[in-house]
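By convention in this document, chain letters (A, B, ...) are assigned in the order of the sequence lines, proteins followed by strands, and residues within each chain are numbered from 1. Keep in mind that this is a model prediction, so the values were computed, not measured.
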Amino acid sequence: MSNIKQKIREQIAHMITDAVAREGFEAVAFSVETPRELSHGDFSTNAAMLIAKSAKMPPRTVAERLLSGMKTEGTYVEKVEVAGAGFINFRLGIGWLYEVLPLVEQKGARYGEVSAGGGKKVMVEFISANPTGPMHMGNARGGALGDSMASVLDFAGFNVTREFYLNDAGNQIEKFGCSLEARYLQQCGEDVPFSDEWYQGEDITERAKEFIAEVGDSYVSKGSDERRQALIAFGLEKNVNLMKKTLEAYGIRYDVWFRESDLYKSGEVDEVLALLKDSGHTYEKEGAVWFRASDDGEKDEVLVRANGVPTYFAADIAYHRNKFLKRGFDKVIDIWGADHHGHVARMKTAMDAVGISPDRLEVVLMQLVRLMRGGEVARMSKRSGKAISLGDLLDEIGVDAARFFFNMRNAGSHFDFDLDLAVEQTSNNPVFYVQYAHARICSIIRLLAEDNVRVKFVSEIDPTLLLEDAELSLLRKIGELPDEITAAAQTLEPARMTRYAIELANEFHSFYNACRVNVEDEPLKATRLKLIDSARQVLANVLGILGVSAPEKM
RNA sequence: GCGCCUGUAGCUCAGUAGGAUAGAGCAAUUGCCUUCUAAGCAAUGGGUCAGGAGUUCGAAUCUCUUCAGGCGCGCCA
């Protein structure tokens with residue numbers, strides 16, 4: 001059992017179901033939840049209110065009857081009572097809290113893990129930035145979100161794959177090639193025009209210069225096609241390596257870098273086009289091949305342009321088919337910028353058309369980010385003077401602040417990123433607040449170790465010595481992690497982990513002010529030391545999920 | 001015009017399959033270091049949950065509607 005609270009919840013649900021049957025009430029889908037206020041007990045159910053109508057009785061009467069024969073012997077429940085409009089509140093004895101410590105010890109770095117995922121294969125595809133330039137703030141948010149979501153799912157018992165889809169084919173690569181070629185020729189002294197439609201960034205010129213450093217002007221005299229291909233290959237490799245480096249600094253490592261071009265090479269794009277055509281999902285108009293989505297109330301979309309080149313959409317269908325059919329993922333999560341939301345419904349319609357149930361694909365849309373500095377929108381990097389890239393952000397505020405801040409808000413909310421706050425070394429800054437809790441614990445452990453007092457095994461201490469409110473609430477908070485993981489995985493909201501981390505840090509800091517660890521009473525000292533060491537472990541686990549370091553000293 | 005997202009304390013946001021007196025953090029005011037890191041803790045004040053109507057035992061949450069902000073509706077990705 002990896003989740004004590006879940007076990008108790010099931011126990012209570014069982015007691016209620018039995019009581020409902022015994023009293024001859026109609027079975028209802030009641031909930032067993034944790035009331036906001038502790039004074040309302042540890043768990044509470046709305047069963048009586050739901051039954052009231054069909055039983056034609058006041059809710060409180062129903063509650064009394066349910067309660068009348070309820071046996072709590074042999075359960076964690078100490079007290080049951082009717083309250084409010086007809087809630088039945090369950091108060092637990094404190095015994096269950098003491099089971100938290102052995103569980104943390106046993107699971108260690110995997111404490112928090114639950115089996116909800118049942119080992120299902122799930123892919124999280126995130127960032128998938130165009131390799132034609134540096135990564136921007138949308139990529140930064142998507143990276144923090146996707147990577148932590150993947151970690152959450154891993155803890156929730158899924159078999160997780162992190163994937164980056166590399167758009168190394170199609171239109172934007174052509175543009176990339178044209179841009180590089182023009183810059184290359186310009187750098188070699190040729191007078192060639194530069195189209196407004198190409199990539200204007202400095203990085204293109206940089207790539208051209210680097211190319212010259214390797215091959216000189218030898219490509220000036222060659223054919224445009226050959227020249228462009230060489231530049232694309234060169235620029236792509238440079239950019240991809242740069243991305244990998246930046247992402248590594250950002251704490252993200254992918255399992256798979258999937259190349260769009262491979263879908264063309266393997267014939268999967270043609271394959272899926274044929275499939276759609278044979279099943280009557282396409283039609284031709286003005287020389288182009290269209291996907292018929294209008295049956296589902298969506299707009300039709302071009303699959304193959306009049307010039308014979310398939311669109312991104314066509315490749316994307318092939319890509320998703322590959323994820324499900326060729327590689328057997330049970331579930332795929334795509335993280336996209338909110339500006340792509342128009343694509344979601346069509347993608348799902350297309351999934352349906354190639355015979356894949358659309359609800360196996362989950363698209364998480366992420367609102368865009370505004371960087372704020374000095375109360376105003378910051379567009380330019382302090383260092384480079386250019387648009388702020390992920391690399392610039394990491395230089396300015398560091399990985400920890402970036403990873404933590406991007407996961408403070410749910411994907412769906414617009415996010416103003418306060419750059420000033422992110423580097424502040426005060427309690428205003430939640431990253432420091434949480435890290436400080438971890439460092440503070442490490443500091444106590446370190447000092448006690450100097451006196452030869454070590455953290456003991458749970459079998460060597462007596463958890464029931466923990467009786468103070470501060471101690472019990474800390475234990476309670478530690479005990480909540482499996483539930484939090486479950487919820488975060490279910491809602492695909494790793495931001496829950498950030499909030500949990502802050503709450504846990506808060507519980508520890510309160511404990512710290514209320515109770516000393518280094519007391520005369522040796523058994524109590526050992527037990528409290530075990531308690532804070534468990535808190536340390538849990539903080540480290542959560543920070544790990546968030547991709548934030550857990551410093552031992554600050 | 002049609003579609004999607006958002007609107008909760010001065011600010012930034014939570015609010016768990018409708019649940020009890022709507023919560024945190026910051027900012028403001030006030031206490032707490034002869035004691036393991038005061039990068040901390042405790043207390044106080046602060047709300048027409050954008051407005052309106054409906055559904056019901058019960059709505060910030062569901063439905064309808066109005067308003068405000070963001071985004072999308074390419075042979076771009």
Report task. Show the numbers, then the answer: is there a side-chain contact (heavy atoms from CB on, under 4.5 Å) between A/W336 and A/V344? Result -> CA-CA 9 Å; A/W336 295 352; A/V344 178; 3.7 Å; yes

Distance, [atom1] atom - from [M] to [N], rounded to whole angstrom:
| N | M | atom1 | value |
| --- | --- | --- | --- |
| B/rG3 | B/rA60 | P | 27 Å |
| B/rA20 | B/rC4 | P | 30 Å |
| B/rC67 | B/rU30 | P | 46 Å |
| B/rC32 | B/rA38 | C1' | 9 Å |
| B/rG52 | B/rC5 | P | 23 Å |
| B/rU16 | B/rG10 | P | 22 Å |
| B/rG31 | B/rG70 | C1' | 44 Å |
| B/rA68 | B/rU8 | C1' | 15 Å |

Report task. Can you establish whether the number of heavy atoms outside A/D469 located under 6.0 Å from its atom CG is more than 12? Result ->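 It does not: A/D469 CG has 12 such atoms or fewer within range.
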
Under 4.0 Å, heavy atoms only, any strand: does [X] hit a base, just the sugar-phosphate, or nothing?
| X | value |
| --- | --- |
| A/A83 | base |
| A/A439 | base |
| A/A345 | nothing |
| A/N89 | base |
| A/C442 | nothing |

Tell me whether the OP1 or OP2 atom of [N] has a side-chain N or O from [X] closer than 4.0 Å.
| X | N | answer |
| --- | --- | --- |
| A/S510 | B/rA42 | yes |
| A/K53 | B/rC57 | yes |
| A/N506 | B/rC41 | yes |
| A/Y433 | B/rA24 | no |
| A/Y165 | B/rA77 | no |

For atom [atom1] of [X] and atom [atom2] of [N], their distance in whole Å:
| X | N | atom1 | atom2 | value |
| --- | --- | --- | --- | --- |
| A/D420 | B/rC26 | CG | C1' | 14 Å |
| A/I445 | B/rC36 | CD1 | P | 17 Å |
| A/F30 | B/rG18 | CZ | P | 16 Å |
| A/N513 | B/rC41 | CG | C1' | 4 Å |
| A/M347 | B/rA77 | CE | P | 14 Å |
| A/H341 | B/rG70 | NE2 | C1' | 10 Å |
| A/E33 | B/rU61 | CD | P | 17 Å |
| A/L531 | B/rC36 | CG | P | 19 Å |

Query raised in the report: Is B/rC62 in the syn range, within 90° of 0, or in the anti range?
Result: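 Anti for B/rC62; the angle lies over 90° from 0.
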
Report task. For the pair A/Y199 and A/F176, name the ring-plane relationship: parallel under 30°, tilted 30 to 60°, perpendicular over 60°. Result ->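 Correct class here is perpendicular.
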
Any N/O pairs under 3.5 Å between the protein and nucleotides 73-76 of chain B? List them or say none.
from   : atom 1 : to     : atom 2 : distance (Å)
B/rC73 : O3'    : A/K299 : NZ     : 3.0
B/rC73 : O2'    : A/K299 : NZ     : 2.6
B/rG74 : OP2    : A/K299 : NZ     : 3.0
B/rC75 : O3'    : A/R305 : NE     : 3.4
B/rC75 : O2     : A/A306 : N      : 2.7
B/rC75 : N4     : A/E286 : O      : 2.6
B/rC76 : OP2    : A/N171 : ND2    : 3.2
B/rC76 : OP2    : A/R305 : NE     : 2.5
B/rC76 : OP2    : A/R305 : NH2    : 3.2
B/rC76 : O3'    : A/R305 : NH2    : 3.4

Query raised in the report: Is the NZ or CZ atom of A/R440 both under 6.0 Å from the centre of the six-membered ring of A/Y512 and within 45° of that ring's axis?
Result: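 Geometry flag: set, cation within 6.0 Å and 45°.
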
Partner lookup for [N], please. Criteria are Watson-Crick or G-U wobble with both distances under 3.5 angstrom; report none if nothing qualifies.
| N | result |
| --- | --- |
| B/rG10 | B/rC26 |
| B/rC41 | B/rG31 |
| B/rG47 | none |
| B/rA17 | none |
| B/rC73 | B/rG1 |
| B/rA53 | B/rU63 |

Requested in this report: Within residues 43-51 of chain A, find the residues that approach RNA chain B with a heavy atom at under 4.0 Å, and present them sorted by residue number.
Outcome: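 Contacts with RNA chain B under 4.0 Å: A/S44, A/N46, A/M49, A/L50.
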
Any N/O pairs under 3.5 Å between the protein and nucleotides 11-13 of chain B? List them or say none.
from   : atom 1 : to     : atom 2 : distance (Å)
B/rU12 : O2'    : A/R409 : NE     : 3.4
B/rU12 : O2'    : A/R409 : NH2    : 2.3
B/rC13 : OP1    : A/H414 : O      : 3.0
B/rC13 : O5'    : A/R409 : NE     : 3.0

Requested in this report: Kindly say whether, by distance alone, the side chain of A/H340 makes a donor-acceptor pair under 3.5 Å with the base of B/rG72?
Outcome: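 In this structure, the two groups form no donor-acceptor pair.
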
Requested in this report: Report yes or no: does A/T311 contribute a side-chain atom to a donor-acceptor pair with the main-chain N or O of A/L303 at less than 3.5 Å?
Outcome: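 It does hold such a pair.
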
Query - Exam field: side chain A/Q200 to backbone A/D196, donor-acceptor pair closer than 3.5 Å - result: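 Pair found, side chain donor or acceptor close to backbone of A/D196.
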
Query - Donor + acceptor pair across side chains of A/Y283, A/D300 (<3.5 Å) - result: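 Yes, A/D300 and A/Y283 have a side-chain donor paired with an acceptor closer than 3.5 Å.
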
**Report entry** Short side-chain donor-acceptor distance under 3.5 Å, A/N407 and A/T498
**Finding:**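 Looking only at side-chain atoms, A/N407 and A/T498 do not form any donor-acceptor pair under 3.5 Å.
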
Query raised in the report: Does the side-chain ring of A/F87 lie flat on the base of B/rG19, meaning centres under 5.5 Å and planes less than 30 degrees apart?
Result: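 No, A/F87 does not stack on the base of B/rG19.
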
Query raised in the report: Is A/H40 stacked on the base of B/rA20, with ring centres under 5.5 Å apart and planes under 30° apart?
Result: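 By the stated criterion, A/H40 and B/rA20 stack.
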
**Report entry** Presence of salt bridge, A/D416 and A/R370, under 4.0 angstrom
**Finding:**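 Yes.
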
Query raised in the report: Quick one: do A/D483 and A/R9 make a salt bridge, cutoff under 4.0 Å?
Result: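 Yes, A/D483 and A/R9 are salt-bridged.
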
Query raised in the report: After noting the C-alpha distance and the side-chain angles of A/L546 and A/R403, does the key distance pass the side-chain contact (heavy atoms from CB on, under 4.5 Å) rule?
Result: CA-CA 7 Å; A/L546 292 170; A/R403 292 287 307 253; 5.8 Å; no

Query raised in the report: Quick one: CD1 on A/I173 to SG on A/C178, what's the gap to the nearest 0.5 Å?
Result: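 A/I173 atom CD1 to A/C178 atom SG measures 11.0 Å (nearest 0.5 Å).
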
Query - Interatomic spacing from CZ in A/F404 to CD in A/Q435 - rounded to 0.5 Å - result: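 Atom-to-atom, A/F404:CZ and A/Q435:CD are 8.5 Å apart.
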
Query raised in the report: Where do A/H438 and A/F508 land on the ring-ring contact (aromatic ring centres under 6.0 Å, His included) test, with the steps shown first?
Result: CA-CA 9 Å; A/H438 185 269; A/F508 168 71; 9.9 Å; no

Query raised in the report: Do A/Y500 and A/L481 have side chains that get closer than 4.5 Å, going by heavy atoms?
Result: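 A side-chain contact exists here, since the closest heavy-atom pair is under 4.5 Å.
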
